[in-house]
Amino acid sequence: MGFELNGDRLREARRYRRLTITSLSEKAGVSKQMVSRYERGTAQPGLEVFQKIVRALQFPVDFFTGTNKFEYKDEGT
């Protein structure tokens, strides 16, 4: 397949677009559990789902497959 989705970047883009996991899952045609697994890095989407995610979030493909420039840990509120 040739790509690996960066879960941290997916979460960042989803939050930037102010989408919930549920709303993104509906746009991508997968369960919210799968979106959560993509963000945690425990699953990788197929190409078709990946393309739907890219279209829904309107970020460049390279953004989702790149490595993190810095380490950020979300400790909650």
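No experiment lies behind these values; they were computed from the predicted model shown.
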Begin from the C-alpha positions of Y38 and I53 and carry the test side-chain contact (heavy atoms from CB on, under 4.5 Å) through to its verdict. CA-CA 11 Å; Y38 300 154; I53 289 170; 4.0 Å; yes
R37 vs Q33, test: side-chain contact (heavy atoms from CB on, under 4.5 Å). Steps then yes/no. CA-CA 6 Å; R37 289 184 64 201; Q33 290 83 2; 5.5 Å; no
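Atom OH of Y16 sits in a sparse spot, with 12 or fewer heavy atoms from other residues, nucleotides or ligands closer than 6.0 Å.
With a 4.5 Å cut-off on side-chain heavy atoms, L5 and P45 count as touching. Looking at K52 and V49, their side chains never come closer than 4.5 Å, going by heavy atoms from C-beta outward.
When atom types are taken as modelled, the side chain of R17 and the backbone of F59 share no donor-acceptor pair closer than 3.5 angstrom.
The salt bridge (charged side-chain N to carboxylate O under 4.0 Å, His left out) with E39 is formed by just one residue from the set R15, R14, R9, K32; it is R14.
Annotation for N6 and G66: closest pair ND2-O, 2.7 Å, computed over non-hydrogen atoms. L10 approaches V35 most closely through the heavy-atom pair CD2-O, 4.4 Å. Residues R40 and R11 approach most closely at N-NH2, 4.0 Å, considering heavy atoms.
How far CZ of F63 is from CG of L57: 9.0 Å, rounded to the nearest 0.5 Å.
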